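In this text, all values refer to a predicted model and were calculated from it rather than measured experimentally.
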Amino acid sequence: MNRRNLFGTALALIAAIGLVGCKEDKAASEQAAAKPAEIIHWKMVTSWPKNFPGLGTAAERLAERINAMSAGRLTVKVYAAGELVPALEVFDAVSRGTAEMGHGTPYYWKGKVPAAQFFSSVPFGLSTLEMNAWLSHGGGQALWDETYAPFGVKPLSAGNTTMQMGGWFNKEINSLDDIKGLKIRMPGLGGEVWSKLGAITVNLPGGEIFTSLQTGAIDATDWVGPYNDLAFGLHKAAKYYYFPGWQEPQAVVESMVNQKAFDALPADLQAIVVEAARAATLDMMDDYVFNNAKALQSLKSEGVQFKRLPDEVLKAMREQSDVVLEGLAAENDLNGRIWASQKAFLEEASAMQSLTEKELYNWR
């Protein structure tokens with residue numbers, strides 16, 4: 001065989017090998033495409049009544065968003081409060097792995113994780129926009145992760161009910177003396193402030209509030225704002241609707257994820273869970289701003305008596321809030337670092353807001 005024929009034979013052999021390789025690659029690709037993608041099923045337990053406007057529906061929408069964004073590879077089934085676990089046991093269920101996800105608000109777990117209260121709402125503290133900024137850019141998320149890490153839980157902001165109202169009362173508050181002995185449902189740091197002023201505070205899940213208020217088991221309650229309060233019919237169980245919502249200038253609603261379950265997800269599904277929660281935060285903010293405005297008008301048409309807390313009372317609450325927050329911060333190093341970070345950003349943000357939004361609201 002001469003050199004020319006040898007060269008031609010070699011080229012033909014290379015082409016044949018390449019053709020076989022292409023066929024094998026194509027066959028492998030077709031086989032991979034034919035193989036159905038693994039479908040991961042998660043459970044989400046919540047602290048809310050089933051389909052409750054704003055809160056319960058937000059959990060449903062978050063699950064739907066994850067299902068859609070993952071093209072069905074990660075499906076999330078939502079369980080309302082009491083369907084799988086009680087409303088105030090959501091954190092424990094996610095920590096144990098009974099459910100892969102939870103939907104609630106951080107201060108509900110203060111008995112187990114006292115520092116969680118900083119990530120829900122602080123009396124006279126950050127506004128909704130400020131809280132979101134602190135979490136995403138001010139180091140808040142890293143501190144939140146550190147707080148929940150010992151329990152095997154990954155926290156994500158998945159909503160915010162914006163600034164709330166001061167609460168529903170069957171007794172008028174005209175002075176500090178009217179607070180003494182008052183039985184009020186108020187969780188979190190706001191409840192501790194009421195206690196310091198002589199009130200008796202209790203922590204009740206949402207589903208028990210109306211009956212407790214109507215029967216006199218409690219004299220007063222906070223819940224959220226006009227949107228949710230109207231849905232619960234609280235105006236039919238109490239005489240007076242007080243403002244401002246000093247105890248919750250905003251309120252983070254969280255999506256908790258079992259850390260082991262999260263780590264087991266491929267990177268793209270992890271990103272979907274995180275970004276779906278972030279989108280849910282904006283969705284809930286829009287929902288509450290829009291529907292609170294409409295519900296407020298409905299409550300006014302029902303003849304609800306709106307009352308402002310007296311300056312004497314607000315001043316005392318402001319003073320006691322400082323005492324409560326500094327006391328919580330002093331309990332351990334983590335608490336101290338969280339409060340120092342949030343307080344520093346609060347001071348910076350206040351300087352900006354006093355020149356912008358505060359002036360707008362005063363004049364428009």
**Student:** Could you go through the side-chain contact (heavy atoms from CB on, under 4.5 Å) check for Met44 and Leu62 one step at a time?
**Tutor:** CA-CA 10 Å; Met44 181 198 294; Leu62 173 58; 3.9 Å; yes

**Student:** Is it true that Asp322 and Arg318 make a salt bridge, defined as a side-chain N closer than 4.0 Å to a carboxylate O?
**Tutor:**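 Arg318 and Asp322: salt-bridged.
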
**Student:** For Asp268, is there an ion pair with Arg73 - N to carboxylate O distance below 4.0 angstrom?
**Tutor:**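 Between Asp268 and Arg73 there is a salt bridge, with a charged N closer than 4.0 Å to a carboxylate O.
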
**Student:** Examine the side chains of Glu100 and Asn258 and answer whether a donor and an acceptor come within less than 3.5 Å of each other.
**Tutor:**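 Glu100 vs Asn258: no donor-acceptor pair found between side chains.
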
**Student:** Could you tell me whether Lys171 and Asp178 have a side-chain N and a carboxylate O separated by less than 4.0 Å?
**Tutor:**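 A salt bridge is absent here (no side-chain N lies under 4.0 Å from a carboxylate O).
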
**Student:** Other residues, nucleotides and ligands only: do more than 12 of their heavy atoms fall within 6.0 Å of NZ on Lys196?
**Tutor:**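 Count not over threshold, so no.
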
**Student:** Less than 3.5 Å apart, any donor N or O on the side chain of Glu130 or Ser127 sitting next to an acceptor on the other?
**Tutor:**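 A pair is found: one side chain offers a donor N or O, the other an acceptor, under 3.5 Å apart.
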
**Student:** Verify the ring-centre separation between Phe306 and Tyr241: is it less than 6.0 angstrom?
**Tutor:**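 Ring-ring flag for Tyr241/Phe306: true, centres closer than 6.0 Å.
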
**Student:** Just wondering, do Asp92 and Lys112 contact through their side chains at under 4.5 Å, heavy atoms?
**Tutor:**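 Counting from C-beta outward, Lys112 and Asp92 do come under 4.5 Å.
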
**Student:** Are more than 12 heavy atoms from other residues, nucleotides or ligands located less than 6.0 Å from atom CZ of Arg337?
**Tutor:**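 Counting neighbours around CZ of Arg337, more than 12 heavy atoms of other residues, nucleotides or ligands fall under 6.0 Å, so yes.
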
**Student:** Can you tell me how the ring of His103 sits relative to the ring of Trp48, calling it parallel under 30°, perpendicular over 60° and tilted otherwise?
**Tutor:**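 Correct class here is perpendicular.
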
**Student:** Do the two ring centres, one from Trp223 and one from Phe232, sit under 6.0 Å apart?
**Tutor:**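 Distance test on ring centres: under 6.0 Å, yes.
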
**Student:** Side chain to side chain contact (heavy atoms under 4.5 Å, CB included) with Ala220: which residues, sequence neighbours excluded?
**Tutor:**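 For Ala220 the side chain to side chain contact (heavy atoms under 4.5 Å, CB included) partners, ignoring immediate neighbours, are Phe169, Leu182, Ile184.
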
